[in-house]
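Please read all numbers here as calculations on a predicted model, not as lab measurements.
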Amino acid sequence: MEKPALADHPINDTMKRRWSPRAFAPRPMPREDILTILEAARWAASSFNQQPWHFLVATRDEEERFAQLLECLVPGNQVWARNASLLILTVTKHTFDHNNSPNSCCVHDIGLTACQLVLQATELGYATHQMAGIEADKIRETYGVPEGFEPVTGIAVGYAGDPDTLPDDLREMELGARERRPFDEWVFADRWGQSAGF
């Protein structure tokens, strides 16, 4: 199923095609495609080139590892993410290596690396869904995440599936229209809340 963005202005075709389905077809991904999407994430920009991101990963053909990671998602996300081909938990480091000072951009940089990952996955024909619904304390305990590192999000990657496999409430969201706020609600000039006129 495809739901391309109805963009008001020209944008890259891969960006148009990227969206966040919950219906996945439970099939394994080729290793070379996983390496390609991880490589795309590796080359994201970051403050001071710190590259504060760390990923915890599991593929569906590694049953125990996959089940362990799936349990670190909130129950509502486990319902559909169990059919993904690849599950990822993103973790960021809060300080810079070169001086141990706080890195106020570390969560921003996780966003950049995740964006590159999902765009590369979309380019390869995969579906992706990023999620805030993770169990941070469980992740820390399960994986031994050290102090100074923070679990941030989960990412499901795989083959788009049939929306009819979803529970009714999720299917309704899956089939709903994609919407974005217009520029005048978030692109400001002169004062907060004053539209820049774009």
Side-chain angles (χ1 to χ4, degrees), residues 1-24 37 40-53 55 73-74 76-77 79-81 84 87-94 96 101-136 150-158 160-164 166-198:
M1 178 177 164
E2 294 190 3
K3 285 174 58 169
L6 302 176
D8 293 338
H9 306 281
I11 61 172
N12 178 285
D13 184 63
T14 302
M15 293 179 188
K16 278 187 184 179
R17 291 188 292 113
R18 187 226 57 83
W19 69 291
S20 301
R22 290 177 178 84
F24 285 90
I37 68 171
R42 188 167 78 104
W43 286 97
S46 63
S47 180
F48 281 94
N49 196 29
Q50 170 66 37
Q51 304 166 52
W53 49 78
F55 290 176
L73 306 180
V74 298
N77 285 338
V79 169
W80 54 266
L87 292 177
I88 300 169
L89 297 170
T90 69
V91 178
T92 194
K93 184 179 184 202
H94 279 287
F96 289 109
S101 66
N103 179 358
S104 63
C105 292
C106 66
V107 176
H108 171 272
D109 293 346
I110 279 284
L112 285 175
T113 194
C115 180
Q116 291 199 186
L117 183 151
V118 300
L119 289 176
Q120 182 64 67
T122 302
E123 182 70 20
L124 292 174
Y126 294 104
T128 61
H129 190 113
Q130 299 177 76
M131 57 196 118
I134 60 172
E135 303 279 6
E150 176 189 359
V152 182
T153 60
I155 308 173
V157 184
D162 184 349
D164 286 338
L166 296 170
D168 291 345
D169 58 334
L170 297 181
R171 183 170 59 251
E172 186 176 326
M173 287 191 287
E174 194 87 348
L175 299 175
R178 296 180 62 195
E179 298 177 356
R180 291 296 186 272
R181 293 182 294 144
F183 291 158
D184 62 4
E185 291 186 12
W186 58 278
V187 181
F188 302 151
D190 299 323
R191 289 186 62 81
W192 183 263
Q194 183 172 324
S195 172
F198 291 114

Side-chain touch Ile88/Leu117, heavy atoms, less than 4.5 angstrom: yes
Leu89 CG to Thr153 OG1 distance, which is reported to the nearest 0.5 Å: 8.0 Å
When the side chains of residues 188-198 are checked against the rest of the protein, which donor-acceptor pairs come out under 3.5 Å, sequence neighbours left out?
{"residue": "Asp190", "atom": "OD2", "partner": "Gln194", "partner atom": "NE2", "Å": "3.3"}
{"residue": "Ser195", "atom": "OG", "partner": "Gly197", "partner atom": "N", "Å": "3.0"}

Shortest non-hydrogen separation from Leu119 to Thr14 and the atoms involved: O-CG2, 3.3 Å
From Leu166 atom CG to Glu172 atom CD, the distance as rounded to the nearest 0.5 Å: 12.0 Å
Do any side-chain atoms of residues 102-114 form donor-acceptor pairs under 3.5 angstrom with protein atoms, and if so which ones, sequence neighbours left out?
{"residue": "Asn103", "atom": "OD1", "partner": "Cys105", "partner atom": "N", "Å": "2.9"}
{"residue": "Asn103", "atom": "OD1", "partner": "Cys106", "partner atom": "N", "Å": "3.3"}
{"residue": "Asp109", "atom": "OD2", "partner": "Ser47", "partner atom": "N", "Å": "3.0"}
{"residue": "Thr113", "atom": "OG1", "partner": "Ala41", "partner atom": "O", "Å": "2.7"}

With sequence neighbours excluded, residues passing side-chain contact (heavy atoms from CB on, under 4.5 Å) with Pro10: none
Pairing residues for Asp168 by the side-chain hydrogen bond (donor to acceptor under 3.5 Å, both in side chains) criterion, not counting sequence neighbours: Arg171
Partner residues of Trp80 under the ring-ring contact (aromatic ring centres under 6.0 Å, His included) criterion, sequence neighbours left out: His129
side-chain contact (heavy atoms from CB on, under 4.5 Å) between Glu174 and Trp19, worked out: CA-CA 10 Å; Glu174 194 87 348; Trp19 69 291; 3.8 Å; yes
Where Ala121 and Val157 come nearest, the two heavy atoms and their spacing: CB-CG1, 4.2 Å
Results of salt bridge (charged side-chain N to carboxylate O under 4.0 Å, His left out) for Arg17 - residues two or more places apart only: Asp13, Glu123
Heavy-atom closest contact (Pro167 atom, Val79 atom, distance): CG-CG1, 3.9 Å
Partners meeting side-chain hydrogen bond (donor to acceptor under 3.5 Å, both in side chains) with Gln50 (sequence neighbours left out): Asp97
By side-chain hydrogen bond (donor to acceptor under 3.5 Å, both in side chains) - contacts of Glu150 (at least two apart): His94
Residues forming a side-chain hydrogen bond (donor to acceptor under 3.5 Å, both in side chains) with Asn49, sequence neighbours excluded: Gln51
Trp53 side chain near Val91 side chain, heavy-atom distance below 4.5 Å: no
Taking every non-hydrogen atom, the tightest pair across Ala127 and Pro21: CB-CG, 3.6 Å
Residues which pass salt bridge (charged side-chain N to carboxylate O under 4.0 Å, His left out) with Lys3, listed by chain and number, not counting sequence neighbours: none
Residue Glu2 excluded, over 12 heavy atoms near CD under 6.0 Å: no
Nearest non-hydrogen partners of Ile37 and Leu124, listed with the distance: CG2-CD1, 3.8 Å
Derivation and outcome, side-chain contact (heavy atoms from CB on, under 4.5 Å), residues Leu73 and Glu135: CA-CA 6 Å; Leu73 306 180; Glu135 303 279 6; over 6 Å; no
Audit row: Ser20, Arg22, side-chain hydrogen bond (donor to acceptor under 3.5 Å, both in side chains) steps and yes/no: CA-CA 7 Å; Ser20 301; Arg22 290 177 178 84; over 6 Å; no
side-chain contact (heavy atoms from CB on, under 4.5 Å) partners of Leu6, counting only residues at least two apart: none
Exercise: identify the closest heavy-atom pair between Ala136 and Pro151: O-CG, 4.0 Å
